[in-house]
Participant: 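This is the structure I have questions about; it appears just below.
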Number of protein chains: 2
Amino acid sequence: MTRPPARPRRADALRNYERLLAAAAEAFAEHGPQAPLDDIARAAGVGNATLYRHFPTRQALLEAVYHDHIQSLCRRAEDLASAPQPAAALMSWLKGVVAQGSAAHGLAASLMAAMEGPAESWCRKAVSDAGAALLARAQEAGEIRIDITVRQLLKLVNAIALATEDEPKPEEADLIFDILLNGLRTPSGQRAEA
Amino acid sequence: MTRPPARPRRADALRNYERLLAAAAEAFAEHGPQAPLDDIARAAGVGNATLYRHFPTRQALLEAVYHDHIQSLCRRAEDLASAPQPAAALMSWLKGVVAQGSAAHGLAASLMAAMEGPAESWCRKAVSDAGAALLARAQEAGEIRIDITVRQLLKLVNAIALATEDEPKPEEADLIFDILLNGLRTPSGQRAEA
DNA sequence: ACCTGAACACCGTTCAAGT
DNA sequence: ACCTGAACACCGTTCAAGT
C-alpha cells in the first residue's frame, strides 16, 4: 500500500497544513508548479517558515497537493489489472496518465521529477508499481516490446505530457500519444515466450 | 539563409562578446543551462550589465553559444536532402539531433524552448526549416505518417533527449528513440498520394 | 511542539555615472 | 557607443525569539 505523507496531529498544525495544501493547489493551478512559495504561505495566512517545516522541498509540496490525483491513477491501474486485453489496458491507463498530467498543470512535472529523483520517493514507487503490473501483463501476452521498463515508459509518457502541455489543440497530444503507442508494439521477430 | 546573431563592430565590444560566449559555453557545459549569469560575467571579466546588453535573455545567450551546433545540424540536413531513402534520411537526422542534444548539455533544453517560444526565433526557424524538407520528402514517399508536423516532431525528439539526458546508459536513449521511429511509420491504410 | 517574521543569501534586471 | 558596479526586486532558506 502507498503510504500518504504523514499529517500533523496537533490541531493548529493540522489546520495550517490543510490551509497550505489548499493555497498551494490554487497557486499551482493558476501559476504552474513554479509558483512562489512565499505567495502560497501568505495566501494560506501562515508564516513562510511553517510551509518549509511541513514540506521540506517544493517537490514534497507538489506530491502532497497531487496526492489524490496520484492515488486515483494507482486505483485505476488496479481496476485495469484484470481487463481482458492486456495491451489495451496498459494503453488506456497511460492515456489517463497523460490526460491527468495535461489537465492538472504541474502534475506532469511532478511525476517526471519523481521518476528522475530518488528511488525512495513515495510517489515514484506508487506510480511505477501501479504501471509495472499492467506493463508486465502486456509484455507476457507478447503485445508490447519486452525491452522497455516502467520507468522509461513513464518518463516518456510524461515527457509527452510536458511537451504538449498548454497546447491549444488537444488532438496534438492525442496524435503524439498515438505515435508512441504505435511504437510500443512488439517489433516483428520479437516475442515473449508467454 | 539563417542569419547568425549580430556581432558588435567596435573592438572592445567584440572582445567582450567573445569572452562572454567562451565563459558561457564553459559554464553551461559544467553546470547546465541554468548556470548563474553573474558567474558567467565574472568569469568573462566583464560587468554583469554588459552580458545583459549583448544577450537580452538567457535563451539568446544559449542560442548564441550553441550557434555552431545548430548550424551543423542544419548543414547535415542539407546533406541528407537528396539521400536515396527519404525515411532513413529523416531518421538519421533526428538521431543526430538527439545525439547532439544529449552530448551538449543545454542544447536540448534550448531547442525545446525555441520550439515552444516565439515563431520569430532564429534558432526555431533554422532548425524547423531544415527538418521540414526531410520530413516532407519522407511523407511524400509514403513512409512517414502525414499527420505530424516538424514542430511536433522536434518537440517530441527533444523531449526524449531531455528525458534521457544524464542517463548513465546511452542504450536507453537508443531504445526510446527506436520506439519513436517505430511509431512514426505510416499506419496501415494511410498513404500519401505521392 | 509548533509558529512567526525577520535576516540572509542568491540571482536576474535596471540605472546612474563614467569613458 | 559602450562599459561599469551598485542598487533594486524577487525568492528560497535559516534562525532567534516567541507561545
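Order of the sequence lines sets the chain letters (A, B, ...), proteins ahead of strands, with each chain counted from 1. Values in this document were obtained by computation on a predicted structure and should not be read as measured data.
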Participant: Under 4.0 Å from a heavy atom of chain B: give me the 5'-most and 3'-most nucleotides of DNA chain D that qualify.
Facilitator: D:dA1 to D:dA6
Participant: Anything below 3.5 Å on both distances counts as a pair; with that, list the stems of at least three consecutive Watson-Crick or G-U pairs involving DNA chain D.
Facilitator: C:4-8 with D:12-16, C:12-16 with D:4-8
Participant: Are side-chain heavy atoms of B:E63 and B:C123 found at a separation under 4.5 Å?
Facilitator: yes
Participant: Between atom CG of A:L156 and atom CZ of B:F177, what is the distance when rounded to the nearest 0.5 Å?
Facilitator: 12.5 Å
Participant: What do you reckon, is CD of B:E18 surrounded by more than 12 foreign heavy atoms closer than 6.0 Å?
Facilitator: yes
Participant: By nearest nucleotide on DNA chain D, pick out whichever of B:G47 and B:R10 is the more 5' one.
Facilitator: B:R10
Participant: Within the supplied structure, the quantity of interest is the number of heavy atoms (other residues, nucleotides, ligands) at a distance under 6.0 Å from A:Q59 CD; does it exceed 12?
Facilitator: yes
Participant: Could you check B:L111 against B:L154 for side-chain contact (heavy atoms from CB on, under 4.5 Å), going step by step and ending with a plain yes or no?
Facilitator: CA-CA 8 Å; B:L111 289 177; B:L154 285 170; over 6 Å; no
Participant: In Å and rounded to the nearest 0.5 Å, what is the OH to CZ distance from A:Y17 to A:R7?
Facilitator: 5.5 Å
Participant: Any chance you could measure B:M115, atom CE, to B:R151, atom CZ, to the nearest 0.5 Å?
Facilitator: 8.5 Å
Participant: Could you check which residues of residues 48-62 of chain B get a heavy atom under 4.0 Å from DNA chain C? Sort them by number, please.
Facilitator: B:N48, B:A49, B:Y52, B:R58
Participant: Does B:T57 have any side-chain hydrogen bond (donor to acceptor under 3.5 Å, both in side chains) partners at least two apart in sequence or in another chain, and if so, which?
Facilitator: none
Participant: So, using salt bridge (charged side-chain N to carboxylate O under 4.0 Å, His left out) as the criterion, who are the partners of A:R10 when residues are at least two apart?
Facilitator: A:D12
Participant: With the side chain counted from C-beta on, respond yes when A:F55 and A:V65 share a heavy-atom pair under 4.5 Å apart, and no when they do not.
Facilitator: no
Participant: Going by number, which of residues 20-44 of chain A have a non-hydrogen atom under 4.0 Å from DNA chain D?
Facilitator: A:P36, A:L37, A:D38
Participant: Would a 4.5 Å heavy-atom cut-off, applied to side chains only, mark A:E143 and A:T186 as touching?
Facilitator: no
Participant: Is there a side-chain contact (heavy atoms from CB on, under 4.5 Å) between A:M112 and A:L162? Walk through the geometry before answering.
Facilitator: CA-CA 9 Å; A:M112 180 62 101; A:L162 286 174; 4.1 Å; yes
